[in-house]
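Working notes for the structure below.
Position 1 is the first residue of the sequence, and the numbers go up from there.
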Amino acid sequence: MNKNLNIKNVNINRKYFYSINYPTFEEELCKMEMSCLFNEIPAEKYIFSDYSINPSRSPFIKDKISIIYEEDSLEKILQRIAQDRLSYDDFKVCYIKVENANITYEERLTSISKIGFVIIGEPRMHNPKVMIGVAKVNGIWILGEYERNDYQWHIHDKKPYSYSNSLSLRVARALVNIAVENDLDCRLIDPCCGVGTVVIEALSMGVNVRGYEINRHIAENAQKNVEFFGYKNVIVSGDMHTIEENYDAAIIDLPYGLFTATTLEEQIALMKTARRITKKLVIVTFEDMDKHIINSGFKITQKSYVCKGKFKRYINICE
């Protein structure tokens with residue numbers, strides 16, 4: 001990639017634009033994830049931020065534009081490109097549609113054509129080396145380098161072992177982002193990891209994660225799932241109450257007795273052990289357990305929920 005760009009004429013404090021999408025039943029989960037990644041909840045299905053985040057981390061982020069130019073007209077964008085002699089080898093321009101942008105299909109095509117004409121360098125429609133994104137948002141035109149969510153993490157749906165009550169892939173991925181926020185170096189633990197759904201999503205993001213599972217048969221299946229995707233085995237077959245290490249964050253999908261009998265006392269014990277081993281807990285429950293979470297020594301800082309069929313799962317961020 002070759003960029004003959006006059007940096008003196010460009011805003012170095014670059015902002016980023018993200019388009020987001022979610023099904024209605026995951027709207028609250030999306031808002032919780034966005035608040036943890038960007039420190040704000042978007043009012044629309046897009047967000048501007050100073051944070052640079054790989055869009056493929058999130059199940060809800062569709063596109064990202066690393067903004068180079070931001071003007072009130074397309075003509076001013078074109079003038080800036082010409083002035084700075086913006087240059088790319090083997091580039092392609094794409095328009096990012098935003099809800100309520102009030103721009104026609106013909107206008108979108110025209111903008112792509114005009115931008116492609118003024119950028120110095122040879123365009124490439126197939127397998128370009130760099131994508132340039134343009135969008136009109138609330139009357140403002142933005143242009144910059146474009147990335148899309150590659151959704152490669154969907155391959156994890158094909159893990160050899162799974163259970164119908166497991167967290168969905170999208171929920172698991174969002175929970176990891178909620179737990180680690182923008183610190184991918186933090187130490188994360190899933191002490192009731194089941195077949196490893198959360199662990200695999202964390203591993204795919206490069207997070208330092210470990211999983212514990214008390215049921216040896218399920219733990220073995222989790223190990224096979226992790227190794228199936230080429231990751232190092234980080235699953236321990238053991239009781240979380242024996243954990244001695246401390247972690248920056250934990251994710252617990254609280255067992256509710258579907259495969260292994262459990263009691264309220266045992267659930268409370270899990271919360272108390274979580275309080276001992278972690279600074280931050282993201283806990284998923286099938287009923288409102290705020291009183292027990294608080295009595296275990298946690299403060300609930302944020303609440304959300306997600307639905308799966310007829311079931312409603314409560315999600316609490318606790319510190």
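- Side-chain atoms of S58 come within 3.5 Å of backbone atoms of I61 as a donor-acceptor pair (strictly under, hydrogens ignored).
- The two atoms that bring F229 and N225 nearest to each other are CD1-O, 3.2 Å, heavy atoms only.
- One distance of note links CG of N233 with CZ of R210; it measures 8.5 Å at 0.5 Å rounding.
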I119/I132 under side-chain contact (heavy atoms from CB on, under 4.5 Å): CA gap, chis, key distance, verdict: CA-CA 10 Å; I119 292 177; I132 304 299; 4.3 Å; yes

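- Side-chain contact check for E70 versus I140: some heavy-atom pair is nearer than 4.5 Å.
- Contact annotation: the side chain of M271 approaches that of I293 to within less than 4.5 Å [non-hydrogen atoms, C-beta and beyond].
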K279/E319 under salt bridge (Lys or Arg N to Asp or Glu O under 4.0 Å): CA gap, chis, key distance, verdict: CA-CA 6 Å; K279 301 175 183 177; E319 296 180 349; over 6 Å; no

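- Counting heavy atoms from C-beta outward, V284 and L254 have side chains that stay 4.5 Å or more apart.
- The salt bridge (Lys or Arg N to Asp or Glu O under 4.0 Å) contacts involving residues 109-128 comprise D90-R124, where partners must be two or more places apart or lie in separate chains.
- Centroid-to-centroid, the aromatic rings of F48 and Y18 stay 6.0 Å apart or farther.
- Residues Y212 and D239 have side chains that never bring a donor and an acceptor to within less than 3.5 angstrom of each other.
- Although no hydrogens or angles enter the test, the distance criterion places no donor-acceptor pair under 3.5 Å between the side chain of S49 and the main chain of F38.
- Looking at E26, its side chain never comes within 3.5 Å of a backbone N or O of P23 through a donor-acceptor pair.
- A donor and an acceptor atom, one from each side chain of S237 and E213, are nowhere located under 3.5 Å apart.
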Check against side chain to side chain donor-acceptor pair (under 3.5 Å), Y88 and E145: CA-CA 10 Å; Y88 289 93; E145 296 181 6; 3.0 Å; yes

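- Between the side chains of Y46 and N21, no donor-acceptor pair of N or O atoms lies under 3.5 Å.
- I235 approaches A219 most closely through the heavy-atom pair CG2-O, 3.8 Å.
- With contacts defined as side-chain heavy-atom distances shorter than 4.5 Å, the pair L37/Y51 does not qualify.
- Checking Y314 against D290 by side-chain atom types alone, no donor-acceptor pair falls below 3.5 Å.
- Among all heavy-atom pairs drawn from S296 and K272, the shortest one is OG-CG, 3.8 Å.
- Ionic pairing of K280 and E181 is present here: one or more N-O contacts between side-chain nitrogen and carboxylate oxygen are shorter than 4.0 angstrom.
- Between the side chains of E40 and S35, no donor N or O sits under 3.5 Å from an acceptor N or O.
- Side-chain contact between I214 and M240 is absent, with no heavy-atom pair separated by less than 4.5 Å.
- The distance from atom CG of L29 to atom CZ of R173, rounded to the nearest 0.5 Å, is 13.0 Å.
- Side-chain atoms of R187 come within 3.5 Å of backbone N or O of N246 as a donor-acceptor pair.
- Counting heavy-atom neighbours within 6.0 Å of Y151 OH, excluding the residue itself, gives a total above 12.
- Annotation for N127: atom CG does not count as buried by contact number, only 12 or fewer foreign heavy atoms lying within 6.0 Å.
- In this structure, a donor-acceptor pair under 3.5 Å is absent between the side chains of S19 and K64.
- Taking every heavy atom of both residues into account, A179 and L188 meet most closely at CB-CD1, 4.0 Å.
- With contacts defined as side-chain heavy-atom distances shorter than 4.5 Å, the pair L143/I81 qualifies.
- Annotation: L109, atom CG; neighbour count of heavy atoms from other residues, nucleotides and ligands within 6.0 Å is above 12.
- More than 12 heavy atoms of other residues, nucleotides or ligands lie within 6.0 Å of NZ in K303, so this atom counts as buried by the packing criterion.
- No side-chain donor from either of E107 and Y95 sits under 3.5 Å from a side-chain acceptor of the other.
- For the residue pair Y146 and D63, a side-chain donor N or O sits within less than 3.5 Å of a side-chain acceptor on the partner.
- Transitive grouping of hydrophobic side chains (ILVMFWY, heavy atoms separated by less than 4.5 Å) keeps I200 and W153 in distinct clusters.
- For the 3.5 Å distance criterion, the side chains of K62 and N149 fail to qualify, holding no donor opposite an acceptor.
- Here the side chain of N316 pairs no donor or acceptor atom with the backbone of C318 at under 3.5 angstrom.
- Rounded to the nearest 0.5 Å, atoms CZ (R276) and OG1 (T278) are 11.5 Å apart.
- When all heavy atoms of I178 and E33 are compared, the closest pair comes out as CG1-CA, 3.8 Å.
- E201 pairs in a side-chain hydrogen bond (donor to acceptor under 3.5 Å, both in side chains) with only one of the listed residues (R170, H156, R57), which is H156.
- Cluster annotation: W141 and V118 are assigned to the same hydrophobic cluster (Ile/Leu/Val/Met/Phe/Trp/Tyr, side-chain heavy-atom contacts under 4.5 Å, transitive).
- Of the possible donor and acceptor atoms, none in the side chain of S166 sits under 3.5 Å from a partner among the backbone N and O of S162.
- Atom CZ of R108 is surrounded by more than 12 heavy atoms from other residues, nucleotides or ligands within 6.0 Å.
- Linking Ile, Leu, Val, Met, Phe, Trp and Tyr whenever their side-chain heavy atoms come within less than 4.5 Å puts I300 and I283 in one cluster.
- Each of R80, K76, K136 was scored for a salt bridge (Lys or Arg N to Asp or Glu O under 4.0 Å) with E71, with one residue passing: R80.
- Taken from NZ in K97 to NZ in K45, the straight-line distance is 13.0 Å, to the nearest 0.5 Å.
- Rounding to the nearest 0.5 Å places CG of L86 at 11.5 Å from CG of L78.
- At a threshold of 4.5 Å between non-hydrogen side-chain atoms, the residues L167 and V198 count as touching.
- Scanning both residues, S52 and Y16, for their nearest heavy atoms gives CB-CZ, 3.5 Å.
- Grouping the Ile, Leu, Val, Met, Phe, Trp and Tyr side chains by contacts below 4.5 angstrom, directly or via other members, places F228 with Y231.
- For the atom pair OG1 (T273) and CZ (R275), the distance works out to 12.0 Å, reported to the nearest 0.5 Å.
- Side-chain atoms of L169 and H154, non-hydrogen and from C-beta on, do get closer than 4.5 Å to each other.
- Under the 4.5 Å side-chain heavy-atom criterion for Ile, Leu, Val, Met, Phe, Trp and Tyr, I96 and M125 are members of distinct hydrophobic clusters.
- One finds a salt bridge joining K31 and E27 here, because a Lys/Arg side-chain nitrogen approaches an Asp/Glu carboxylate oxygen to under 4.0 Å.
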